[in-house]
Q: 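Sharing a structure below in structure tokens format, with a few things to ask.
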Amino acid sequence: MIHAFIPQASTFAGDIDFVIDLIFWLVLPFFLLSEFCIFWFVAKFRHKEGGKAQYITGEKAHETKWVTWPHFLILAFDVLIIYFAVGVWYDVKQQLPEADRTVRVIGQQWAWTFVHPGPDGELDTPDDIELNDELHLEDGVTYHYQLQSRDVLHSFSIPAFRLKQDAVPGRTITGWFTPNRVGEYDFQCAEMCGVGHGLMVARTYVHSPEDYKVWLAEHGGVASLSPTAN
Amino acid sequence: MADAAHAHEHHDDHHHGPTFAEKWLFQSTDHKMIGMQYMFIGMAMAAIGGYFAYAFRMQLAFPGMHVPGFGVVGPNEYNALVTNHGTIMIFWVAMPVLIAAMGNFLIPLMIGADDMVFPRLNRLSVQIFFVSALVLIASFFVQGGGFGGAWTAYPPLSSTPEYSLTPMGATLWVVAVALEFAAFLMGGINFITTTMNSRAPGMKWFDIPVVVWMIVIASILFMASVGPLIAGAVMLAFDQAIGTNFFDPNQGGDPVLWQHLFWFFGHPEVYVVLLPALGIVAEIITVFSRKKLFGYKTVLYTAFGTGILSFFVWAHHQFISGIDPRMANLFTITTLLISIPIAEMLFVYIATLYGGQIRLTTPMLWGLAFIVEFLIGGVTGIFLGASGADIYFHDTYFVLAHFHYTFFPIAIIGVYAGITHWFPKMFGRMMSERLGKIHFWGTVIPFNLIFIPLFVLGAAGQHRRIYSYEHFPDLATPDLQQLRVIATLALVTMLTFQVIFLWNFFWSMFKGEKAPKNPWRASTLEWTTPSPPGHGNWPPDEMPSVYRGPYEYSHPDCDDDFWPQDQPA
Amino acid sequence: MAMAKPIATTRSAAGMSTGKLAVWWLIASEIVIFGGVLAGYIMHRLGHPDWAYQAVHTNTMAGATNTFVLLTSSLFAVLAHNAAEMGDGKKAAKFLYLTVGGAVMFLIIKSFEWTYEISHGYTITASTFWAFYYTAAGIHAMHVIVGALIMIWVAGMAKRNVELQRVELIGIYWHFVDLVWIFLFPLLYIAK
């Protein structure tokens, strides 16, 4: 469903979309049946001159079964949904696969700062590439992100990755993602952070490996250890 | 009794009933008067909340425009508008009308009492409530403007004036909310004690109408959940005003603590408003399908079950907030489980229609609309309660559309249902059915046209509380912008139709056809009093006794299709 | 504007007096409020032990004395209730005044305690521990003051044998105030 509106650009986007679709298809029959019953009962049992309504207490077994059975079905569907939702949650939020590369994402009122490792592939070295409002990534590489805030709560959200995480001041929160689709995607702040909340526009660029090397070269120089880079 | 001479009991005589001073200076202790004071304040606040929605939706549809009747909505105006729209609708519309207005008006009447047991405390509660509304409104006019940190007021944004840029607005907002809480804690004392102790002779626990039970359960839920937030509000106010650091990490504070304190209350709060609305719907569908409620005890037990379960789901609002990810799984389980009792209640209501003799009066249309629309709200909640899916949906318009499909039925549909149903009893006159139906369709159809586009926008990844999407290439497409325009035009249409309700309401109050005691032929006790009831509701020597349950419609042993509770066998 | 009491107040379908129901409702809501403060404090302290070391500076002697003072005052409240049950309003009032005396002593000790702490730099903004300390103990002290005032009012009526059932009600409230302190004392003064 979501993929009709926005591409799947990370390895777990498909899993998250699957959970969403599963919920949709499980919930839909209940929803349609309930709505249908309402409209049908209203049509069928409109008052007629001289008619008398049935006296049903809803306490006899043959009456309650109409409510009890749908109940158990909902419970069963809930269990199914929980199983898949927890599975995806574990995958995205509880475990941390080995990283090929780490980026630091820093939110503040009202801009994003992205610290990319330079040609040496390591963060916190002189060749790091620090940009405002542009996150550059390489297709197929597994990233860890280190998320921080300089002031209030912010939250980084890349809908195309189906990823989101709040940034809490005073903490560094770590997570992961692996982009798997070349392109440009919106990066939004997903937690009210003041007057400029809507102005914290950023953009995610997923480059092919060749284009990534080009970008790296434009910003950081060659992989020699030039101490003056950035 | 000497009270009979008091003018302030007669509601059909608004010109020379309560004196101007008595009405406006809140001197009456009569539960019916107090109920109406809550109702009118709630209606006025709803107009303000609706006006705010108009302004910010115009900005979203036509960014940068000078909104007629408001002006330009810049980023800080936008934030203040959305913050206070939400705050007003929950605390100054839904709660006062559904609980305080309906509760105050109905409870003594429906249990056969002459008033609440603590009338002066009751009056104090509405006075404090009125002050709380004034404080909130004042917050819009102070330097820096109204608070704009969202109704959830997460610190450090809300606790630190340097971040919020609304130093006075933020503190006034907190004070207003705290006063509102105090008013409702006081009101709760009356609802619960009166229902427990002052029932008519013969009215056993299971003879109490569902709406009374629901308001009592809601009051208990409110009381049990609001304490930690009151504590939190004191801490927040201290952080704002005297520089403590409960929530700012720079000196050992923790912003996530506020979130827990807020949502521990925030989640039960939605059931605090849902249950009374469900109660109103129960009263209406039984009367207008001439059928006993299907499974009265089931409804009661699921209400209790929902109330208890509601204390264990709160962190589903915080999945992404930095809590320990393992905790999220626990809350997914509890959150999905809570859908079961609610679904059960809705199924029971639908089953009540079966085999009925249904009359589609205006109140019945509203009652049915509640079920139809709330079902959408309920099922879309599943997407949000499932942690894995919520990673995507959190903070998007999908959440917003979900909670409007729950809150709108609660705060608007439920309220209109209650008002149109009990108007004859309150004012002694009938509302126009024709205008009522026009207003109904003119509200419900546009309502769907507002929020279905918002579901789509949420699915497309649009985040909340952002004053303009022009700068986000993926969201600034003509297709998506068209959806925003449709939603806004639908809102403007819907707001326009509310004028019809206001006309119907005020005109009928003075010129409507005079109402008999029991225009709907209902069996509960409030319909055995005159319309409107006098002070004391019944003559002191004619207080009713009760002989059966509240929904004995179409009983085989009764000739008529309803058997009033107070009629001896 | 003397109004007759509603008939509703004379009924007792649940078997408990309305006054008592109301007081228990009040206590329940206060339990949740104090519960929130204390839960916040505990959660916070467990998550951030770094500021907790500030607790070492609280005056345990003063806290312990105050605990004893409050417990004694609760005893007087019980004796007041007994007297009221037996219809002896004058005696009940006497014991209520003794309870108020305990409250006053509590507040005096607290003022000395806080004056000392504030003058030594342990103010409410000094650290998160002190923020919780003053907020929790401060809200409690407010309840002591309000309770004492209500108690004086009830005693005034009890002396004339009027509304004697209120002696028990204010007693219930007082025991609650005492109970909150029993929780505060170890959390603020002993857990160092």
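Small disclaimer: the values here were computed from a predicted structure and weren't measured. Order of the sequence lines fixes the chain letters, A, B, ..., with proteins taken first and strands second; residue numbering starts at 1 for each chain.
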Q: Side chain from CB out, backbone as N, CA, C, O: work out which of these in A/Val86 comes under 4.5 Å of a heavy atom of chain B, or both, or neither.
A: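 Contact with chain B involves both backbone and side-chain atoms of A/Val86.
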
Q: Please classify the contact of B/Leu157 with chain A as side chain, backbone, both or neither, using a heavy-atom distance under 4.5 Å.
A: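 Both backbone and side chain.
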
Q: Between B/Phe319 and B/His316, how do the two ring planes meet: parallel, tilted or perpendicular, split at 30° and 60°?
A: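 Geometry flag for B/His316 against B/Phe319: tilted rings.
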
Q: Looking only at side chains, do A/Glu134 and A/His136 share a donor and an acceptor under 3.5 Å apart?
A: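 On atom types as modelled, these side chains qualify, holding a pair under 3.5 Å.
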
Q: Measure the acute angle between the ring planes of A/Phe156 and A/Phe187, then classify it against the limits of 30° and 60° as parallel, tilted or perpendicular.
A: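 A/Phe156 vs A/Phe187 ring planes: parallel.
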
Q: Between B/Val372, B/Leu475, B/Leu346, B/Ile333, which residue shows the highest count of heavy-atom pairs closer than 4.5 Å to chain A?
A: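 Winner by heavy-atom pair count: B/Val372.
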
Q: First locate atom CZ of B/Phe294, then atom CD1 of B/Ile285, and finally report the distance between them rounded to the nearest 0.5 Å.
A: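 It comes to 11.5 Å.
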
Q: Would you call A/Glu130 and A/Arg104 a salt bridge, using N to O less than 4.0 angstrom?
A: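 Judged by the 4.0 Å cut-off on N to carboxylate O distance, A/Glu130 and A/Arg104 do not form a salt bridge.
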
Q: Pick one of side chain, backbone, both or neither for A/Gln165, based on which atoms fall under 4.5 Å of a heavy atom in chain B.
A: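 When you check distances to chain B, atoms from both the backbone and side chain of A/Gln165 fall under 4.5 Å.
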
Q: Out of A/Val27, A/Thr64, A/Ile56, return the one with the most heavy atom pairs under 4.5 angstrom to chain B.
A: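 Winner by heavy-atom pair count: A/Ile56.
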
Q: Given that the side chain runs from C-beta out, which part of A/Val201 has a heavy atom under 4.5 Å from chain B: side chain, backbone, both or neither?
A: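 Contact with chain B: backbone and side chain both.
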
Q: If you count heavy-atom pairs under 4.5 Å with chain B, which of A/Glu59, A/Arg162, A/Lys60, A/Glu63 comes out on top?
A: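 That would be A/Arg162.
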
Q: Hey, which of A/Met200, A/Arg46, A/Lys44 has the most heavy atom pairs under 4.5 Å with chain B?
A: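 Answer, by heavy-atom pair count under 4.5 Å with chain B: A/Arg46.
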
Q: Which residue out of A/His197, A/His71, A/Met1 racks up the most heavy-atom pairs below 4.5 Å with chain B?
A: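 Most heavy-atom pairs within the cutoff with chain B belong to A/His71.
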
Q: Counting distance only, does the side-chain N/O of A/Gln94 pair as donor-acceptor with the main-chain N or O of B/Arg326 below 3.5 Å?
A: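 No: the side chain of A/Gln94 does not pair with the backbone of B/Arg326.
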
Q: Can you label the angle between the A/Phe177 ring and the A/Tyr145 ring as parallel, tilted or perpendicular, going by 30° and 60°?
A: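 Geometry flag for A/Tyr145 against A/Phe177: parallel rings.
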
Q: Measure distances from B/Asp557 to the heavy atoms of chain A and classify the residue's part below 4.5 Å as side chain, backbone, both or neither.
A: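 The answer is neither part of B/Asp557.
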
Q: Between B/Glu77, B/Met364, B/Glu552, which residue shows the highest count of heavy-atom pairs closer than 4.5 Å to chain A?
A: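 It is B/Glu552.
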
Q: As an exercise: rank B/Glu162, B/Arg359, B/Arg290 by heavy-atom pairs under 4.5 Å with chain A and give me the winner.
A: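 Counting heavy-atom pairs under 4.5 Å, the top option is B/Arg359.
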
Q: Before giving the answer on side chain to side chain donor-acceptor pair (under 3.5 Å), spell out for A/Gln148 and A/Thr172 the whole-Å C-alpha distance, their side-chain angles and the decisive distance to 0.1 Å.
A: CA-CA 5 Å; A/Gln148 298 172 341; A/Thr172 299; 3.0 Å; yes

Q: Look at the aromatic rings of A/Trp215 and A/His207 and report parallel, tilted or perpendicular, splitting at 30° and 60°.
A: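 If you compare the ring of A/Trp215 with that of A/His207, the planes turn out parallel.
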
Q: Against chain A, label B/Pro255 side chain, backbone, both or neither, depending on which of its atoms sit under 4.5 Å from a heavy atom there.
A: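 Contact with chain A: side chain only.
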
Q: Sub-4.5 Å heavy-atom contacts with chain B: which residues of residues 178-186 of chain A show up?
A: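 Near chain B, by residue number: A/Glu184, A/Tyr185, A/Asp186.
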
Q: Does any backbone or side-chain atom of A/Tyr55 lie under 4.5 Å from a heavy atom of chain B? Answer side chain, backbone, both or neither.
A: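 Interface part for A/Tyr55: both.
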
Q: Using a cut-off of under 4.5 Å for heavy-atom pairs, which of A/Val19, A/Val168, A/Thr57 has the most such pairs with chain B?
A: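 Looking at each option in turn, the highest pair count goes to A/Thr57.
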
Q: Classify the ring geometry between A/His116 and A/Phe114 as parallel (under 30°), tilted (30 to 60°) or perpendicular (over 60°).
A: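 Taking A/Phe114 first and then A/His116, their aromatic rings sit tilted (interplane angle of 30° to 60°).
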
Q: Looking at A/Ile23, A/Asp15, A/Asp17, A/Leu22, which has the largest count of heavy-atom pairs under 4.5 Å with chain B?
A: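 Ranked by heavy-atom pairs under 4.5 Å with chain B, first place is A/Ile23.
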
Q: Could you check which of B/Ala343, B/Ala389, B/Ser289 has the highest count of heavy-atom pairs closer than 4.5 Å to chain A?
A: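 Top count of heavy-atom pairs under 4.5 Å with chain A: B/Ala389.
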
Q: For the residue pair B/Val256 and B/Gln318, establish whether any side-chain heavy-atom pair is separated by less than 4.5 Å.
A: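 Of all side-chain heavy-atom pairs linking B/Gln318 with B/Val256, at least one is under 4.5 Å.
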
Q: Parallel, tilted or perpendicular: which fits the ring planes of A/Phe18 and A/Phe84, with parallel below 30° and perpendicular above 60°?
A: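 Ring orientation of A/Phe18 relative to A/Phe84: perpendicular.
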
Q: Given a strict heavy-atom distance threshold of 4.5 Å, which part of A/Val42 is in contact with chain B: side chain, backbone, both, or neither?
A: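 Contact with chain B is through both the backbone and side chain of A/Val42.
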
Q: What part of A/Ile6 is in contact with chain B, defined as an atom under 4.5 angstrom from a non-hydrogen atom: side chain, backbone, both or neither?
A: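 Interface part for A/Ile6: side chain.
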
Q: Check the angle between the aromatic planes of A/Phe41 and B/Tyr354 and answer parallel, tilted or perpendicular using the 30° and 60° thresholds.
A: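 Rings of A/Phe41 and B/Tyr354: perpendicular, as their planes differ by over 60°.
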
Q: For A/Ile173, is it the side chain, the backbone, both, or neither that has a heavy atom closer than 4.5 Å to a heavy atom of chain B?
A: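 For A/Ile173, the side chain is the part near chain B, not the backbone.
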
Q: Give the member of B/Ile340, B/Thr298, B/Thr332 that has the highest number of heavy-atom pairs under 4.5 Å with chain A.
A: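 Ranked by heavy-atom pairs under 4.5 Å with chain A, first place is B/Ile340.
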
Q: At their closest point, which heavy atom of B/Leu375 faces which heavy atom of A/Ser34, and how far apart are they?
A: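 Closest approach of B/Leu375 to A/Ser34: CD1-CB, 3.6 Å.
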
Q: Considering only heavy atoms and a distance below 4.5 Å, find which of B/Tyr296, B/Tyr469, B/Tyr349, B/Phe393 pairs most often with chain A.
A: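 Ranked by heavy-atom pairs under 4.5 Å with chain A, first place is B/Phe393.
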
